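Written out below as structure tokens is the structure these notes cover.
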Amino acid sequence: ESMKLVKRLVTFFGVVTLLVTGCVLYLFNSDPVVIDLVWLQIPATSLAVVLIATFFIGVVTGAIFVLLASIMPTKRKPLDG
């Protein structure tokens, strides 16, 4: 019972921390930036939006790589005693 409460409090403070961090990023990094890649041009967007989008793209990419690595079988060499 008390562990559920602790888990909920930790989750709550984690979510609040993420929200506050997002608000601070948005308020203090409102300068417009233009992303100009060779094949893709993104119009002027707030720096905070670009930072948050880049972070989430990295998280999703990392999660996909971890998932692929966990699915692939590994061949282990037997230990020669």
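Not measured: the values here are computed from a predicted model.
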Atom pair [atom1]/[atom2] of [X] and [Y] - distance to nearest 0.5 Å:
X: F12; Y: T17; atom1: CZ; atom2: OG1; answer: 9.5 Å
X: T21; Y: I52; atom1: OG1; atom2: CD1; answer: 9.0 Å
X: T45; Y: I35; atom1: OG1; atom2: CD1; answer: 7.0 Å

Exercise. Which hydrophobic side chains are connected to V6, either touching it within the sub-4.5 Å cutoff or through other members that do?
Worked result: V10
For this session: Would you mind listing the cluster partners of V60? Hydrophobic ones only (ILVMFWY), side-chain contacts under 4.5 Å, chaining allowed.
Result: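 Under the 4.5 Å side-chain rule, V60 groups with I64, L68.
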Quick check: is [Y] connected to [X] through a chain of hydrophobic side chains (ILVMFWY, heavy atoms under 4.5 Å apart)?
X: V24; Y: V16; value: yes
X: I42; Y: V49; value: no
X: L51; Y: L19; value: no
X: F28; Y: V20; value: yes
X: F55; Y: V50; value: yes

